[in-house]
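Take a look at the structure set out below.
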Amino acid sequence: VDIIKRIMKNKWNIDPQSSATIARLISDLEGIFYILDCLDEPEEVEYIQNMKRKYYQEYFKRKKNENSKVMLRNQHKSYT
């Protein structure tokens with residue numbers, strides 16, 4: 001079952017572990033936020049704002065983790 005989920009996600013070029021996937025989601029949320037704000041929908045704006053906050057935190061956590069892995073790989077390469 002897990003392999004089927006991974007294949008389906010890869011079909012749409014989505015890596016659930018990647019910060020780039022979260023960045024794509026944030027981009028869509030920002031667009032939704034703007035439109036709802038223009039439509040004067042305060043409850044929905046607040047809901048999307050909370051989602052944006054959650055995913056921005058997740059993005060920076062993943063990005064930091066990815067950058068740490070790259071730095072470790074680069075350090076390893078310099079020693080060999």
Without swapping roles, check the side chain of S68 against the backbone of K64 for a donor-acceptor pair under 3.5 Å.
yes

Running the 4.5 Å side-chain criterion over Ile, Leu, Val, Met, Phe, Trp and Tyr, what cluster does I48 land in, apart from itself?
I22, L25, I26, L29, I32, F33, L36, V45, Y47, M51, Y55, Y56, Y59, F60

Under the side chain to side chain contact (heavy atoms under 4.5 Å, CB included) criterion, do E66 and K69 qualify, and how do the steps go?
CA-CA 5 Å; E66 290 170 4; K69 288 179 182 179; 5.8 Å; no

Of all residues at least two apart in sequence or in a different chain, which pass the side-chain contact (heavy atoms from CB on, under 4.5 Å) check with T21?
I14, D15, S18

Correct closest heavy-atom pair for K52 and E30 would be NZ-OE1, 3.1 Å

Report the residues that fulfil side-chain contact (heavy atoms from CB on, under 4.5 Å) with L72, sequence neighbours left out, ordered by chain and then residue number.
Q75

Pair R53, N50 - check side-chain hydrogen bond (donor to acceptor under 3.5 Å, both in side chains), show working.
CA-CA 5 Å; R53 191 174 299 115; N50 289 333; 2.7 Å; yes

Identify whether the distance between the nearest side-chain nitrogen and carboxylate oxygen of R62 and E58 falls below 4.0 Å.
yes

Might you confirm whether atom CD of E46 has over 12 heavy atoms from other residues, nucleotides or ligands at distances under 6.0 Å?
no

